[in-house]
Amino acid sequence: MRVEVQGLGHRYGDNPWLFRELSAAFLPERTYALTGPSGSGKSTLLSIIAGWEAPDEGAVNLEGIKKVNWVFQSPHGMPQRSALDHVAHPYLVSGMTVRDAEVAAMSLLVSFQLAHTAERAFSSLSGGEAQRLMLARGVAADPQLLLVDEPTAQLDHATARQINDIIGQLAAGGRIVLIATHDASTRDACTDHLDLTQFAFAAERS
Ligand SMILES: Nc1ncnc2c1ncn2[C@@H]1O[C@H](COP(=O)(O)OP(=O)(O)OP(=O)(O)O)[C@@H](O)[C@H]1O
């Protein structure tokens with residue numbers, strides 16, 4: 001299983017190229033920080049890999065990937081439903097019984113340091129808790145490829161640390177994880193780092 005991008009280049013309409021000649025391989029059990037200044041194309045690269053956006057140049061090969069999941073920058077949940085419900089839902093969808101889904105969800109809440117929130121309504125969670133819950137739900141859906149867009153962008157330093165503490169767990173079980181971020185501490189929590197700046201230079205030369 002691997003994700004490979006070859007010679008990717010993208011621009012929106014007549015705007016300048018965001019990046020060109022972007023080739024990289026992403027492997028299981030690893031978390032990749034995609035970094036670069038605001039506007040460098042981090043979210044665009046995630047969209048291209050997810051298949052939402054067609055690249056102007058190059059190709060994406062998702063080898064052995066059956067399911068892709070995306071965790072967005074701002075946590076969105078069902079205000080009145082509990083944290084446990086949010087994480088149990090993907091298990092229920094996969095066909096588990098209610099009891100098994102709740103046991104599996106509780107175990108994920110524990111490893112994402114959210115056990116104390118299990119019975120609380122989503123609307124009562126702090127920003128950091130809500131973001132960790134979205135990550136736990138993303139993992140519960142059991143994708144082979146997890147795309148995460150700026151998980152710490154809206155959080156203060158201390159809260160961002162709570163997210164960074166659980167980043168290592170996102171790739172458990174052989175998952176490939178790509179995280180767009182401009183937070184240095186989030187980058188350091190990842191196992192690998194791809195800086196888009198170098199591919200912006202390739203675009204400028206063209
Ligand atoms: N659908 C679109 N049509 C036109 N321009 C777009 C579109 N989506 C993004 N852009 C532009 O492309 C550039 C790259 O956007 P993108 O969101 O990929 O960057 P980013 O590195 O993720 O930025 P940030 O760190 O601010 O989230 C930006 O200038 C953005 O305004």
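Quick note: numbers below take in every heavy atom, side chains included, and nothing from hydrogens, waters or symmetry partners. Both counts, for ligands and for their atoms, begin at 1 and track the order of listing.
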Residues passing the salt bridge (Lys or Arg N to Asp or Glu O under 4.0 Å) test with R161, sequence neighbours excluded, are none
Hits for salt bridge (Lys or Arg N to Asp or Glu O under 4.0 Å) against E4, two or more places apart or cross-chain, chain-then-number order -> R2
Would you call the rings of W52 and W70 parallel, tilted or perpendicular, where under 30° means parallel and over 60° means perpendicular? parallel
The protein residues that pass the under-4.0 Å heavy-atom test against ligand 1 are Y12, L18, P37, S38, G39, S40, G41, K42, S43, T44, E150, H182
* Does a side chain donor of either D183 or T181 reach within less than 3.5 Å of an acceptor in the other side chain? -> no
To the nearest 0.5 Å, atom CE of M96 lies from atom CD of E102 at 12.0 Å
Note: with side-chain heavy atoms under 4.5 Å as the link, the other cluster members for V93 come out as none
